[in-house]
Amino acid sequence: MKRKTQYIIIAVLLIGGISFYEIYLEDKEQQVVVDSGKTVKSNTNEFFLPTSTTGQIVHHNSYSLSYSEPHEQAEWVAYELKKEHLSNSNFKRPYFEIDPAVKTGAAHWRNYKKSGFDRGHLCPAADRAYNQNAYNETFLTSNISPQRHDFNSGIWNTLEQKVRYWADKYNGVYVITGGVLEDDLKTIGEEEVSVPNQFYKILIEYNSGKTKMIAFLIPHENSSFPLYEFVVSVDSIETLTGIDYFPELEDSLEDKLEASSDYKNWSFN
DNA sequence: CTGGGTATC
DNA sequence: GATACCCAG
């Protein structure tokens, strides 16, 4: 056999072997339903993690969160929505599970039953529909907040769809979202899950050339006003929540982006 | 898309 | 508790 032929055969075997190993790794990863809550996973860019006011940050495979035990919900959920995550998969909705990675004990979904409020996803199920495990992972009770149905299916749903539109248009966005957790909120259920009066969503986009940021603060009620009416500066949300959303960002850039409530760089078509 | 309620075993 | 089916914004 000629030496050249030998090289080709070795190369083919090598490439084949690597491919099978990748398939094996992928399969192995999919067996993990809920991880230990320690590792920062590939779908969460550690660089963009906000600070925690509660000291309890949990990392799942497809998103991270900071859990507030007093309010029995996350103060923020963060994840990267890549363009390739966008999917039309129509998975069956599983039951909500108590997040085992929340050491203080996440709320049971029974608190929401007959409460009159939706189990409103913070990281939307539709944003993690690229595989069944990622989709199922959004059905943890650490990823929901009590939401009025007209709000959830109305302007909040419209915003979530706009985020997917931007993820497609700008080749991915990074998302941070949650309710504004304050003292003396109305609560539901035996575990007294707080019902926020406002919800926020912050986006940063850095793939299309110039880093840009936008933030929304929406009262917990449906609205027929256009979304851009709810654009605020990140600074104003930080004042409300006490959370520093981009502590790792270079200071001068952070200061500039977070002070702005300008939305001219974001298409509202 | 966002969800809830009820019957059945 | 799980599954199937029907419903609405």
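Chain identifiers are assigned alphabetically (A, B, ...) following the order of the sequence lines, protein sequences preceding nucleic acid strands; residue numbering begins at 1 within each chain. Fair warning: this is a prediction, and the values are worked out from it, not measured in the lab.
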* To do: Could you check whether A/Arg148 gets within reach of a base, just the sugar-phosphate, or nothing at all, counting any heavy atom under 4.0 Å?
  => nothing
* Asked: Hey, is the side chain of A/His149 poking within less than 4.0 Å of OP1 or OP2 on C/dA8, counting only N and O atoms?
  -> no
* Asked: What is the nucleic acid contact for A/Lys92, judged by heavy atoms within less than 4.0 Å: base, sugar-phosphate only, or nothing?
  -> sugar-phosphate
* **Atom-to-atom span, OH of A/Tyr95 to P of B/dG4 - whole angstrom** => 11 Å
* Structure fact -> The nucleotide from B/dG3, C/dG9, C/dA2 with an atom nearest the side chain of A/Ser153 is C/dG9
* Ignoring backbone atoms, test whether A/Lys114 places a side-chain nitrogen or oxygen under 4.0 Å from the OP1 or OP2 oxygen of B/dG4. => no
* To do: Look at all strands and tell whether A/Asp127 reaches a base, only sugar-phosphate, or nothing, counting heavy atoms closer than 4.0 Å.
  => nothing
* Scan A/Asp150 against the nucleic acid and name what it touches under 4.0 Å (heavy atoms): base, sugar-phosphate only, or nothing. => nothing
* Structure fact -> All heavy atoms of A/Arg128 vs all of A/Ser62, minimum pair found to be NH1-O, 2.7 Å
* Asked: Given atom CG of A/Leu86 and atom P of B/dC1, what is their separation to the nearest angstrom?
  -> 13 Å
* Structure fact -> Winner on side-chain proximity to A/Asn157, out of B/dG3, C/dG9, C/dT3, is C/dG9
* To do: For a salt bridge (charged side-chain N to carboxylate O under 4.0 Å, His left out) with A/Glu205, tell me which candidate from A/Lys210, A/Lys169, A/Lys212, A/Lys82 qualifies.
  => A/Lys212
* Asked: Using a cut-off of 4.0 Å on non-hydrogen atoms, how would the nucleic acid contact of A/Gln147 be classed: base, sugar-phosphate, or nothing?
  -> nothing
* Asked: So, are A/Arg148 and A/Asp118 salt-bridged, with charged N and O less than 4.0 Å apart?
  -> no
* A/Asn222 CG to B/dC1 P, straight-line distance once rounded to whole Å -> 19 Å
* Roughly how many Å is it from CD in A/Glu160 to P in B/dC1, rounded to a whole number? -> 11 Å
* Structure fact -> Atom NZ of A/Lys113 and atom P of C/dG1 are separated, to the nearest Å, by 8 Å
* For the side-chain hydrogen bond (donor to acceptor under 3.5 Å, both in side chains) test, which of A/Lys256, A/Glu254, A/Glu250 pairs with A/Ser252? -> A/Glu250
